[in-house]
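Just below is one structure, and these are the notes that go with it.
Any value given below was found using the heavy atoms of this structure, including those in side chains, with hydrogens, waters and symmetry copies removed.
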Amino acid sequence: MPDTLAGWLDLLEQRHGQRIELGLERVRTVRAAMGAPSDAVLITVGGTNGKGSCCAMLESILLAAGYRVGCYTSPHLLRYNERVRIDGKDADDARLVAAFAAVEAARGATPLTYFEHGTLAAWALFAAERPDVIILEVGLGGRLDAVNVFDADCAIVTGVAMDHMEYLGDTREKIGFEKAGIFRAGRPAVCGDPQPPASLLEHARAIGAELWVSGRDFGFGGDRQQWGYWRYALPAAQGALLRRGGLAYPALRGANQLLNAAAVLTALECLRQRLPVSMQHVRQGLMLVDVPGRFQVLPGRPAVVLDVAHNPQAAGVLAENLGNMGFYPETWAVLGMLGDKDVAGVVARMADRVDHWLLADLPGPRGLSAQALAERVREAGGRGDLHCFGSPADAFVAAQEGAAEGDRIVAFGSFLTVADVLAALRAARHG
């Protein structure tokens with residue numbers, strides 16, 4: 001077996017590639033062979049957009065409250081280690097290597113995909129470290145995602161929108177059913193979508209989950225200085241009302257983050273008997289939370305915005321957030337996307353915000369070439385000039401050269417796009 005993290009990642013890519021194979025039997029079989037029990041409180045986070053932000057808020061608040069926290073998210077931007085964190089710090093190579101080896105020893109002849117092996121390795125590492133809380137982000141969907149082999153004490157579905165339709169279905173109803181698969185009977189289930197599909201509501205009712213729905217059972221309001229949170233004492237009740245006011249806005253930018261924060265606070269309220277958290281810890285956690293690539297505005301001029309938005313809903317939120325930034329004479333868009341994404345839907349929502357399109361090739365079999373992307377941008381109504389580049393980093397350099405000091409550069413469309421730009425920025429910073 002490999003003795004380095006790079007060796008393990010190379011082996012898994014060669015063995016399984018990055019293909020997606022939904023299903024729980026393989027993971028369930030290997031998990032049983034591993035043992036690796038844990039008595040930690042388990043929170044699972046699914047949904048189309050906002051999963052990473054919710055995981056980060058939960059992690060930050062619980063760390064502020066003094067708990068030991070394990071957090072598993074995907075994908076990573078620059079280093080695989082970002083996916084597995086203990087107490088707010090990326091796991092080191094040695095612990096990840098040991099965890100990958102533990103999964104390999106347990107799996108026998110059972111094949112595992114790259115994501116499945118990584119998910120079980122994260123669990124093995126957490127079981128060894130024994131945190132008080134484990135936060136697991138669903139990779140794709142919910143019902144058949146590897147993370148769903150673990151039974152959550154509380155599950156969050158941030159929202160339901162159109163993405164990964166070739167795997168999850170071509171309607172919100174079908175996708176909502178898949179997302180709701182992470183709910184458990186008799187346990188809290190939080191839905192951050194104010195207009196959830198009927199399929200999600202019905203599945204929660206059918207299994208007897210304790211469902212809390214944004215706008216019905218909990219919600220938020222605020223002004224420019226602060227915001228407040230409210231919830232009923234019981235879901236779907238109109239009785240006792242709990243209010244929490246005077247909250248500072250999350251350090252994560254964007255109006256949509258209050259939707260995520262309200263869902264997070266509801267999950268913590270549901271778990272308060274096992275994980276008591278004071279409002280001071282909530283305030284501290286929200287002020288300190290940080291997630292690269294989620295409407296990340298870098299210091300300096302021209303302004304640079306990095307956002308992993310890669311579906312129409314996320315692009316719509318990005319466009320709204322850009323509109324709230326103030327006036328910029330011109331916006332330069334560095335865009336790279338995967339071929340199985342709704343490029344037309346993304347471009348349509350961003351078209352009014354963009355003056356210059358700098359389109360980049362993305363690697364791998366799913367990556368679109370800049371030329372193919374250019375055709376789709378034009379067909380979707382993208383205005384302004386179009387330029388093609390071999391990588392997001394090259395496109396970003398061109399944007400820096402073309403943009404005036406008062407302009408704005410926004411890089412979006414994929415984790416791969418933002419990762420390449422971040423890597424280029426880091427390389428430039430270190431000479």
- Message: Using 30° and 60° as the class boundaries, would you call the ring planes of Trp230 and Tyr232 parallel, tilted or perpendicular?
- Response: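 The rings of Trp230 and Tyr232 stand perpendicular, inter-plane angle above 60°.
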For [Y], does its backbone N or O pair with a side-chain atom of [X] as donor and acceptor, under 3.5 Å?
X: Asp307; Y: Phe412; value: no
X: Arg85; Y: Glu59; value: no
X: Gln296; Y: Gly293; value: yes
X: Trp212; Y: Cys191; value: no
X: Asp145; Y: Gly139; value: yes
X: Glu82; Y: Arg79; value: yes
X: Ser60; Y: Gly285; value: yes
X: Arg187; Y: Ala152; value: yes
X: Arg294; Y: Ser53; value: no
X: Glu173; Y: Pro197; value: no

- Pick one: which of Arg172, Arg216, Lys179 meets salt bridge (charged side-chain N to carboxylate O under 4.0 Å, His left out) with Asp193?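 Exactly one pass, corresponding to Arg172.
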Nearest 0.5 Å please: distance from the [atom1] atom of [X] over to the [atom2] atom of [Y].
X: Leu168; Y: Met162; atom1: CG; atom2: CE; value: 10.0 Å
X: Leu62; Y: Ile43; atom1: CG; atom2: CD1; value: 6.0 Å
X: Tyr249; Y: Leu258; atom1: OH; atom2: CG; value: 5.5 Å
X: Asp420; Y: Leu77; atom1: CG; atom2: CG; value: 11.0 Å
X: Cys270; Y: Arg272; atom1: SG; atom2: CZ; value: 7.5 Å
X: Leu335; Y: Leu373; atom1: CG; atom2: CG; value: 4.5 Å

- Task: List for me each residue that meets salt bridge (Lys or Arg N to Asp or Glu O under 4.0 Å) alongside Asp340, sequence neighbours excluded, and say none if there are none.
- Result: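 Partners of Asp340 by the salt bridge (Lys or Arg N to Asp or Glu O under 4.0 Å) criterion, ordered by chain and then number, come out as Arg366.
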With a 4.5 Å limit on heavy-atom distance, are the side chains of [X] and [Y] in contact?
X: Asp153; Y: Arg274; value: yes
X: Ser414; Y: Met337; value: no
X: Lys341; Y: Val346; value: no

- Only one of Thr48, Asn256, Asn49, Asp163 forms a side-chain hydrogen bond (donor to acceptor under 3.5 Å, both in side chains) with Gln313, so which one is it?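 Among Thr48, Asn256, Asn49, Asp163, the one that satisfies the side-chain hydrogen bond (donor to acceptor under 3.5 Å, both in side chains) with Gln313 is Asn49.
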- Item | Partner of Asn148 by side-chain hydrogen bond (donor to acceptor under 3.5 Å, both in side chains), out of Arg184, Arg28, Arg143 |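 Of all the options given, the one that passes is Arg184.
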- Message: Apply side-chain hydrogen bond (donor to acceptor under 3.5 Å, both in side chains) to residues Arg26 and Thr110 and explain how you reach the verdict.
- Response: CA-CA 6 Å; Arg26 297 181 302 274; Thr110 303; over 6 Å; no
- Near Gln195 CD, under 6.0 Å, is it more than 12 heavy atoms from other residues, nucleotides or ligands?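 No.
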- Is there any ring pair (Phe, Tyr, Trp, His ring centres under 6.0 Å) pair reaching into residues 83-109, and which pairs are they, with sequence neighbours excluded?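 Matches after skipping sequence neighbours: Trp8-Phe100, Tyr80-Phe100, Phe100-His117.
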Return the minimal non-hydrogen interatomic distance between [X] and [Y], and the atom names on each side.
X: Phe220; Y: Ala262; answer: CD2-CB, 3.9 Å
X: Leu318; Y: Ala309; answer: CD2-CB, 4.3 Å
X: Leu120; Y: Met34; answer: O-CE, 3.6 Å
X: Ile409; Y: Pro302; answer: CD1-CG, 4.1 Å
X: Gly52; Y: Val291; answer: O-CG2, 4.1 Å
X: Ala121; Y: Val103; answer: N-CG2, 3.5 Å

- Check ion pair Arg107-Glu116 (N to O, under 4.0 angstrom):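 A salt bridge is absent here (no side-chain N lies under 4.0 Å from a carboxylate O).
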- Item | Chi angles and distances behind the side chain to side chain contact (heavy atoms under 4.5 Å, CB included) call for Leu322, Arg408 | CA-CA 10 Å; Leu322 290 172; Arg408 172 174 60 190; 3.9 Å; yes
- Message: Determine whether Asp342 and Asn311 satisfy the following criterion, side-chain hydrogen bond (donor to acceptor under 3.5 Å, both in side chains), listing intermediate values before the conclusion.
- Response: CA-CA 6 Å; Asp342 183 359; Asn311 57 52; over 6 Å; no
- Could you walk me through whether Val277 and Tyr67 pass the side chain to side chain contact (heavy atoms under 4.5 Å, CB included) check? CA-CA 10 Å; Val277 173; Tyr67 294 105; 4.2 Å; yes
- Item | Step-by-step side chain to side chain contact (heavy atoms under 4.5 Å, CB included) determination, Arg253 to Asn321 | CA-CA 8 Å; Arg253 295 170 180 256; Asn321 290 335; over 6 Å; no
- Query: Looking at Leu22, Leu144, Ile175, which hits side chain to side chain contact (heavy atoms under 4.5 Å, CB included) with Tyr167?
  - Reply: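 Exactly one pass, corresponding to Leu22.
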- Where do Arg353 and Val410 land on the side chain to side chain contact (heavy atoms under 4.5 Å, CB included) test, with the steps shown first? CA-CA 10 Å; Arg353 302 290 183 201; Val410 54; over 6 Å; no
- Item | Polar side chain donor-acceptor pair, Arg83 to Ser74, under 3.5 angstrom |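 On atom types as modelled, these side chains do not qualify, holding no pair under 3.5 Å.
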- Message: Quick test of your reading: applying side-chain hydrogen bond (donor to acceptor under 3.5 Å, both in side chains), list the pairs with at least one residue in residues 125-139, sequence neighbours left out, ordered by first then second residue.
- Response: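 Listed by first then second residue: Arg95-Glu129.
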